[in-house]
2 protein chains.
Amino acid sequence: MNISAASKAAGLSAKTARYYADIGLVPAPARSESGYRSYDGASVRKLIFVRRAREFGFSISECRELLGLYEDRQRSSADVKRIATRRLAEIALKQKELQSLHDELAHLVDACKGDDRPDCPIIDGLGARRAG
Amino acid sequence: MNISAASKAAGLSAKTARYYADIGLVPAPARSESGYRSYDGASVRKLIFVRRAREFGFSISECRELLGLYEDRQRSSADVKRIATRRLAEIALKQKELQSLHDELAHLVDACKGDDRPDCPIIDGLGARRAG
DNA sequence: GCTTGACCTTCCAGTAACTGGAAACACTAT
DNA sequence: ATAGTGTTTCCAGTTACTGGAAGGTCAAGC
(Lines give C-alpha, C1' and ligand atoms only; values in the text may rest on other atoms or scores of the structure.)
Protein backbone atom coordinates (compact mmCIF):
# COMPACT_ATOMS: atom_id res chain seq x y z
CA MET A 1 0.00 0.00 0.00
CA ASN A 2 1.52 3.29 -1.11
CA ILE A 3 1.14 6.47 0.88
CA SER A 4 -1.89 7.78 -1.02
CA ALA A 5 -3.95 4.68 -0.46
CA ALA A 6 -2.87 4.36 3.16
CA SER A 7 -3.49 7.97 4.09
CA LYS A 8 -6.78 7.97 2.25
CA ALA A 9 -7.85 4.88 4.19
CA ALA A 10 -6.86 6.66 7.38
CA GLY A 11 -8.61 9.88 6.46
CA LEU A 12 -5.43 11.93 6.27
CA SER A 13 -3.49 13.65 3.53
CA ALA A 14 -0.30 12.01 2.28
CA LYS A 15 1.58 15.07 3.51
CA THR A 16 0.28 14.54 7.00
CA ALA A 17 1.06 10.83 7.03
CA ARG A 18 4.61 11.64 5.96
CA TYR A 19 4.80 14.32 8.60
CA TYR A 20 3.68 11.96 11.36
CA ALA A 21 6.47 9.57 10.47
CA ASP A 22 8.99 12.43 10.19
CA ILE A 23 8.33 13.58 13.72
CA GLY A 24 8.36 10.00 14.97
CA LEU A 25 4.72 10.00 16.04
CA VAL A 26 4.20 6.79 14.09
CA PRO A 27 7.01 4.41 13.11
CA ALA A 28 8.63 5.05 9.74
CA PRO A 29 7.01 2.68 7.25
CA ALA A 30 8.98 0.14 5.23
CA ARG A 31 10.26 1.19 1.82
CA SER A 32 9.92 -0.44 -1.58
CA GLU A 33 13.03 -1.05 -3.68
CA SER A 34 12.55 2.31 -5.35
CA GLY A 35 12.13 4.11 -2.06
CA TYR A 36 8.34 4.37 -1.93
CA ARG A 37 6.80 4.14 1.56
CA SER A 38 4.94 0.90 2.02
CA TYR A 39 2.10 0.73 4.56
CA ASP A 40 0.49 -2.38 6.02
CA GLY A 41 -2.71 -2.83 8.02
CA ALA A 42 -1.08 -2.13 11.37
CA SER A 43 0.44 1.17 10.20
CA VAL A 44 -2.89 2.24 8.76
CA ARG A 45 -4.62 1.42 12.04
CA LYS A 46 -2.14 3.61 13.87
CA LEU A 47 -2.79 6.45 11.46
CA ILE A 48 -6.52 6.06 12.04
CA PHE A 49 -5.93 6.07 15.78
CA VAL A 50 -3.94 9.28 15.54
CA ARG A 51 -6.45 10.96 13.26
CA ARG A 52 -9.26 10.17 15.66
CA ALA A 53 -7.25 11.34 18.65
CA ARG A 54 -6.39 14.59 16.83
CA GLU A 55 -10.06 15.07 16.00
CA PHE A 56 -10.74 14.82 19.70
CA GLY A 57 -8.30 17.66 20.14
CA PHE A 58 -5.49 15.69 21.73
CA SER A 59 -2.15 17.36 21.01
CA ILE A 60 0.59 15.56 19.11
CA SER A 61 2.32 14.99 22.40
CA GLU A 62 -0.81 13.50 23.93
CA CYS A 63 -1.25 11.39 20.82
CA ARG A 64 2.26 10.09 21.39
CA GLU A 65 1.28 9.12 24.92
CA LEU A 66 -1.99 7.54 23.84
CA LEU A 67 -0.34 5.66 21.00
CA GLY A 68 2.16 4.30 23.48
CA LEU A 69 -0.71 3.02 25.59
CA TYR A 70 -2.51 1.78 22.47
CA GLU A 71 0.43 -0.47 21.77
CA ASP A 72 1.16 -1.43 25.35
CA ARG A 73 -0.37 -4.77 26.27
CA GLN A 74 0.46 -4.04 29.91
CA ARG A 75 -1.27 -0.69 30.04
CA SER A 76 -3.78 0.10 32.73
CA SER A 77 -7.04 1.65 31.64
CA ALA A 78 -6.56 4.13 34.49
CA ASP A 79 -3.65 5.71 32.60
CA VAL A 80 -5.79 6.21 29.54
CA LYS A 81 -8.70 7.49 31.56
CA ARG A 82 -6.50 10.03 33.27
CA ILE A 83 -5.43 11.57 29.96
CA ALA A 84 -8.94 11.54 28.54
CA THR A 85 -10.40 13.05 31.68
CA ARG A 86 -7.90 15.88 31.60
CA ARG A 87 -8.83 16.54 27.99
CA LEU A 88 -12.50 16.44 28.92
CA ALA A 89 -11.93 19.13 31.50
CA GLU A 90 -10.16 21.26 28.91
CA ILE A 91 -13.11 20.88 26.59
CA ALA A 92 -15.54 21.86 29.32
CA LEU A 93 -13.48 24.94 30.12
CA LYS A 94 -13.29 25.93 26.47
CA GLN A 95 -17.04 25.52 26.26
CA LYS A 96 -17.59 27.87 29.13
CA GLU A 97 -15.25 30.46 27.65
CA LEU A 98 -16.93 30.16 24.30
CA GLN A 99 -20.31 30.55 25.92
CA SER A 100 -19.50 33.82 27.66
CA LEU A 101 -17.80 35.05 24.50
CA HIS A 102 -20.88 34.20 22.51
CA ASP A 103 -23.21 35.87 24.96
CA GLU A 104 -21.17 39.03 25.13
CA LEU A 105 -20.75 39.34 21.38
CA ALA A 106 -24.38 38.45 20.72
CA HIS A 107 -25.36 41.17 23.13
CA LEU A 108 -23.31 43.72 21.18
CA VAL A 109 -24.57 42.51 17.83
CA ASP A 110 -28.14 42.75 19.08
CA ALA A 111 -27.61 46.31 20.20
CA CYS A 112 -26.19 47.34 16.82
CA LYS A 113 -28.73 48.71 14.36
CA GLY A 114 -26.66 47.66 11.35
CA ASP A 115 -27.63 50.64 9.26
CA ASP A 116 -25.53 53.14 7.31
CA ARG A 117 -24.92 55.41 10.29
CA PRO A 118 -21.60 55.24 12.17
CA ASP A 119 -22.99 54.74 15.69
CA CYS A 120 -22.04 51.23 16.67
CA PRO A 121 -22.27 49.52 20.05
CA ILE A 122 -19.98 46.77 18.80
CA ILE A 123 -17.13 49.18 18.15
CA ASP A 124 -17.88 50.94 21.41
CA GLY A 125 -17.97 47.66 23.29
CA LEU A 126 -14.65 46.58 21.85
CA GLY A 127 -12.86 49.77 22.80
CA ALA A 128 -14.44 50.26 26.17
CA ARG A 129 -12.60 48.35 28.79
CA ARG A 130 -9.17 48.54 30.36
CA ALA A 131 -7.00 45.55 31.09
CA GLY A 132 -8.54 42.82 33.18
CA MET B 1 4.53 56.89 28.06
CA ASN B 2 7.11 54.18 27.42
CA ILE B 3 6.17 50.79 26.05
CA SER B 4 5.88 49.04 29.42
CA ALA B 5 3.41 51.51 30.84
CA ALA B 6 1.42 51.65 27.62
CA SER B 7 1.21 47.92 27.09
CA LYS B 8 0.40 47.38 30.74
CA ALA B 9 -2.43 49.91 30.50
CA ALA B 10 -3.69 48.06 27.46
CA GLY B 11 -3.38 44.64 29.05
CA LEU B 12 -0.72 43.40 26.67
CA SER B 13 2.94 42.49 26.95
CA ALA B 14 5.52 44.93 25.63
CA LYS B 15 6.55 42.27 23.13
CA THR B 16 3.05 42.10 21.77
CA ALA B 17 2.66 45.87 21.51
CA ARG B 18 5.93 45.99 19.58
CA TYR B 19 4.75 43.15 17.40
CA TYR B 20 1.47 44.88 16.56
CA ALA B 21 3.36 47.93 15.35
CA ASP B 22 5.86 45.78 13.44
CA ILE B 23 3.14 44.11 11.41
CA GLY B 24 1.41 47.44 10.89
CA LEU B 25 -1.72 46.51 12.82
CA VAL B 26 -1.38 49.71 14.83
CA PRO B 27 0.60 52.76 13.67
CA ALA B 28 4.25 52.89 14.72
CA PRO B 29 4.44 55.10 17.81
CA ALA B 30 6.62 58.21 17.97
CA ARG B 31 10.17 57.86 19.27
CA SER B 32 12.04 59.72 21.97
CA GLU B 33 15.42 61.22 21.20
CA SER B 34 17.12 58.08 22.39
CA GLY B 35 14.88 55.85 20.29
CA TYR B 36 12.36 54.76 22.92
CA ARG B 37 8.80 54.26 21.69
CA SER B 38 6.49 56.92 23.03
CA TYR B 39 2.77 56.18 23.39
CA ASP B 40 -0.07 58.64 23.85
CA GLY B 41 -3.70 58.14 24.85
CA ALA B 42 -4.91 57.44 21.35
CA SER B 43 -2.30 54.72 20.71
CA VAL B 44 -3.16 53.09 24.01
CA ARG B 45 -6.85 53.13 23.13
CA LYS B 46 -6.05 51.36 19.88
CA LEU B 47 -4.06 48.73 21.72
CA ILE B 48 -6.98 48.19 24.07
CA PHE B 49 -9.32 47.91 21.12
CA VAL B 50 -7.11 45.28 19.52
CA ARG B 51 -6.70 43.33 22.74
CA ARG B 52 -10.44 43.20 23.24
CA ALA B 53 -11.04 42.18 19.64
CA ARG B 54 -8.41 39.45 19.94
CA GLU B 55 -10.05 38.23 23.14
CA PHE B 56 -13.25 37.92 21.14
CA GLY B 57 -11.34 35.66 18.80
CA PHE B 58 -11.11 38.03 15.87
CA SER B 59 -8.05 37.25 13.77
CA ILE B 60 -5.33 39.83 13.24
CA SER B 61 -6.71 40.40 9.77
CA GLU B 62 -10.21 40.98 11.17
CA CYS B 63 -8.72 43.28 13.80
CA ARG B 64 -7.17 45.25 10.98
CA GLU B 65 -10.58 45.58 9.39
CA LEU B 66 -12.28 46.50 12.65
CA LEU B 67 -9.60 49.00 13.56
CA GLY B 68 -10.11 50.61 10.17
CA LEU B 69 -13.79 50.96 10.97
CA TYR B 70 -12.99 52.11 14.50
CA GLU B 71 -11.09 55.03 13.04
CA ASP B 72 -13.45 55.73 10.17
CA ARG B 73 -15.88 58.54 10.98
CA GLN B 74 -17.84 57.60 7.82
CA ARG B 75 -18.27 53.95 8.71
CA SER B 76 -21.67 52.31 8.62
CA SER B 77 -22.59 50.20 11.60
CA ALA B 78 -23.79 47.61 9.08
CA ASP B 79 -20.16 46.94 8.09
CA VAL B 80 -19.20 46.30 11.67
CA LYS B 81 -22.25 44.17 12.32
CA ARG B 82 -21.49 42.01 9.29
CA ILE B 83 -18.02 41.14 10.63
CA ALA B 84 -19.27 40.54 14.15
CA THR B 85 -22.15 38.40 12.93
CA ARG B 86 -19.82 36.23 10.90
CA ARG B 87 -17.65 35.76 13.97
CA LEU B 88 -20.72 34.93 16.03
CA ALA B 89 -21.62 32.19 13.57
CA GLU B 90 -18.10 30.78 13.84
CA ILE B 91 -18.40 30.73 17.61
CA ALA B 92 -21.76 28.98 17.43
CA LEU B 93 -20.31 26.36 15.08
CA LYS B 94 -17.32 25.81 17.33
CA GLN B 95 -19.68 25.39 20.25
CA LYS B 96 -21.63 22.69 18.45
CA GLU B 97 -18.44 20.86 17.50
CA LEU B 98 -17.15 21.11 21.03
CA GLN B 99 -20.44 19.82 22.36
CA SER B 100 -20.44 16.66 20.25
CA LEU B 101 -16.77 16.17 21.03
CA HIS B 102 -17.50 16.48 24.70
CA ASP B 103 -20.43 14.08 24.57
CA GLU B 104 -18.51 11.49 22.63
CA LEU B 105 -15.44 11.66 24.83
CA ALA B 106 -17.50 11.74 28.02
CA HIS B 107 -19.27 8.62 26.81
CA LEU B 108 -15.95 6.84 26.35
CA VAL B 109 -14.60 8.04 29.70
CA ASP B 110 -17.77 6.86 31.42
CA ALA B 111 -17.43 3.44 29.89
CA CYS B 112 -13.82 3.09 31.05
CA LYS B 113 -13.34 1.41 34.40
CA GLY B 114 -10.07 3.20 35.05
CA ASP B 115 -8.50 0.28 36.86
CA ASP B 116 -5.16 -1.48 36.37
CA ARG B 117 -6.41 -3.80 33.66
CA PRO B 118 -5.68 -3.08 30.00
CA ASP B 119 -9.25 -3.24 28.67
CA CYS B 120 -10.14 0.29 27.69
CA PRO B 121 -13.15 1.56 25.77
CA ILE B 122 -11.38 4.88 25.24
CA ILE B 123 -8.53 3.29 23.34
CA ASP B 124 -10.97 1.09 21.49
CA GLY B 125 -13.16 4.06 20.64
CA LEU B 126 -10.20 6.03 19.32
CA GLY B 127 -8.99 3.29 17.03
CA ALA B 128 -12.36 2.11 15.85
CA ARG B 129 -13.53 4.16 12.95
CA ARG B 130 -12.43 4.61 9.37
CA ALA B 131 -12.22 7.94 7.61
CA GLY B 132 -15.33 10.07 7.67
C1' DG C 1 31.97 60.07 38.56
C1' DC C 2 30.74 55.40 38.74
C1' DT C 3 28.08 51.47 39.37
C1' DT C 4 23.87 48.96 39.66
C1' DG C 5 19.59 47.61 37.99
C1' DA C 6 15.61 48.27 35.42
C1' DC C 7 14.16 49.46 31.06
C1' DC C 8 14.72 49.98 26.19
C1' DT C 9 16.42 48.68 21.39
C1' DT C 10 17.04 45.22 17.36
C1' DC C 11 17.28 40.81 15.50
C1' DC C 12 17.01 35.87 15.26
C1' DA C 13 14.88 31.59 16.52
C1' DG C 14 11.27 28.72 18.11
C1' DT C 15 6.42 27.32 19.00
C1' DA C 16 2.04 23.79 16.88
C1' DA C 17 0.76 21.22 13.30
C1' DC C 18 0.74 21.18 9.36
C1' DT C 19 0.47 22.93 4.05
C1' DG C 20 2.31 24.44 -0.47
C1' DG C 21 5.50 24.13 -3.90
C1' DA C 22 9.79 23.03 -6.55
C1' DA C 23 12.85 19.66 -8.66
C1' DA C 24 13.63 15.16 -9.65
C1' DC C 25 12.71 10.21 -9.87
C1' DA C 26 9.18 6.02 -10.51
C1' DC C 27 5.36 3.67 -12.42
C1' DT C 28 1.55 2.71 -15.76
C1' DA C 29 -0.79 2.94 -20.02
C1' DT C 30 -0.88 3.87 -24.65
C1' DA D 1 8.67 6.90 -26.51
C1' DT D 2 5.79 9.71 -24.13
C1' DA D 3 2.27 11.42 -21.26
C1' DG D 4 0.29 11.54 -16.88
C1' DT D 5 0.12 10.50 -12.32
C1' DG D 6 2.39 9.23 -7.97
C1' DT D 7 6.33 9.56 -5.07
C1' DT D 8 10.63 11.39 -3.08
C1' DT D 9 13.22 15.23 -0.46
C1' DC D 10 13.72 19.71 1.08
C1' DC D 11 12.62 24.42 2.01
C1' DA D 12 9.44 28.00 3.00
C1' DG D 13 5.18 29.84 4.80
C1' DT D 14 1.22 29.89 7.89
C1' DT D 15 -0.82 32.29 12.92
C1' DA D 16 0.17 35.08 16.60
C1' DC D 17 3.08 35.58 19.20
C1' DT D 18 7.19 34.41 22.86
C1' DG D 19 12.03 33.79 24.43
C1' DG D 20 16.50 35.17 24.44
C1' DA D 21 20.93 37.41 23.21
C1' DA D 22 23.68 41.57 22.69
C1' DG D 23 23.87 46.06 23.52
C1' DG D 24 22.18 51.14 24.45
C1' DT D 25 19.68 54.36 28.14
C1' DC D 26 18.10 56.19 32.37
C1' DA D 27 17.52 57.22 37.38
C1' DA D 28 19.15 56.33 41.96
C1' DG D 29 22.62 55.79 45.29
C1' DC D 30 27.40 56.20 47.03
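Here the structure is a predicted model, which is why all the values come from computation and not from measurement. Lettering follows sequence order; numbering is per chain, from 1.
Against DNA chain C, the stretch residues 62-69 of chain A makes no heavy-atom approach under 4.0 Å. Within residues 18-27 of chain B, the residues approaching DNA chain D are B:Tyr19, B:Tyr20, by heavy-atom distance under 4.0 Å.
For the pair A:Arg117 (side chain) and B:Ser77 (backbone), a donor-acceptor distance under 3.5 Å is absent. Side chain of A:Arg75 to main chain of B:Pro118: a donor-acceptor pair is present (N/O by atom type, distance under 3.5 Å, no hydrogens or angles). Put simply, the side chain of A:Arg64 never gets that close to the backbone of A:Gly68: no donor and acceptor are under 3.5 Å apart.
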Chi angles and distances behind the side-chain contact (heavy atoms from CB on, under 4.5 Å) call for A:Asp119, A:Lys113:
CA-CA 8 Å; A:Asp119 316 85; A:Lys113 289 211 186 78; over 6 Å; no

Please test B:Ile83 against B:Leu69 for side-chain contact (heavy atoms from CB on, under 4.5 Å), starting from the C-alpha separation and ending with a verdict.
CA-CA 11 Å; B:Ile83 299 172; B:Leu69 293 168; 3.8 Å; yes

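In the displayed structure, B:Arg86 atom CZ is contacted under 6.0 Å by more than 12 heavy atoms of other residues, nucleotides or ligands.
Legend: side chain to side chain donor-acceptor pair (under 3.5 Å) pairs involving residues 14-26 of chain A, not counting sequence neighbours, sorted by first then second residue: A:Ser13-A:Thr16.
Judged purely by distance below 3.5 Å, without hydrogens or angles, the side chains of B:Gln95 and A:Gln95 never pair a donor atom with an acceptor atom. Residues A:Asp40 and A:Ser43 have side chains that bring a donor and an acceptor to within less than 3.5 angstrom of each other.
Take the nearest nucleotide of DNA chain D for A:Ala5 and for B:Arg54: the residue whose nucleotide is more 5' is A:Ala5.
Distance CG (B:Leu12) to C1' (D:dA16): 12 Å, rounded to an integer number of Å.
Of all nucleotides in DNA chain C having an atom under 4.0 Å from a heavy atom of chain A, the first and last in 5' to 3' order are C:dA17 to C:dC27.
A search for ring pair (Phe, Tyr, Trp, His ring centres under 6.0 Å) contacts involving B:Tyr70 returns B:Phe49, not counting sequence neighbours.
A salt bridge links B:Glu104 with A:Arg52; the closest basic N to acidic carboxylate O contact falls under 4.0 Å. Between B:Arg51 and B:Glu55 there is a salt bridge, with a side-chain nitrogen of the basic residue lying less than 4.0 Å from a carboxylate oxygen of the acidic one.
Among the protein residues, B:Ser32 comes within range of no part of the nucleic acid, since none of its heavy atoms lies under 4.0 Å from any strand.
Put simply, the side chain of A:Arg31 does not reach to within 4.5 Å of the side chain of A:Tyr36, judged on heavy atoms.
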Polar atoms only, N or O, under 3.5 Å: list the protein pairs with nucleotides 20-24 of chain D and their distances.
| from | atom 1 | to | atom 2 | distance (Å) |
| --- | --- | --- | --- | --- |
| D:dG20 | O6 | B:Lys15 | NZ | 2.2 |
| D:dG24 | N2 | B:Tyr36 | OH | 3.0 |

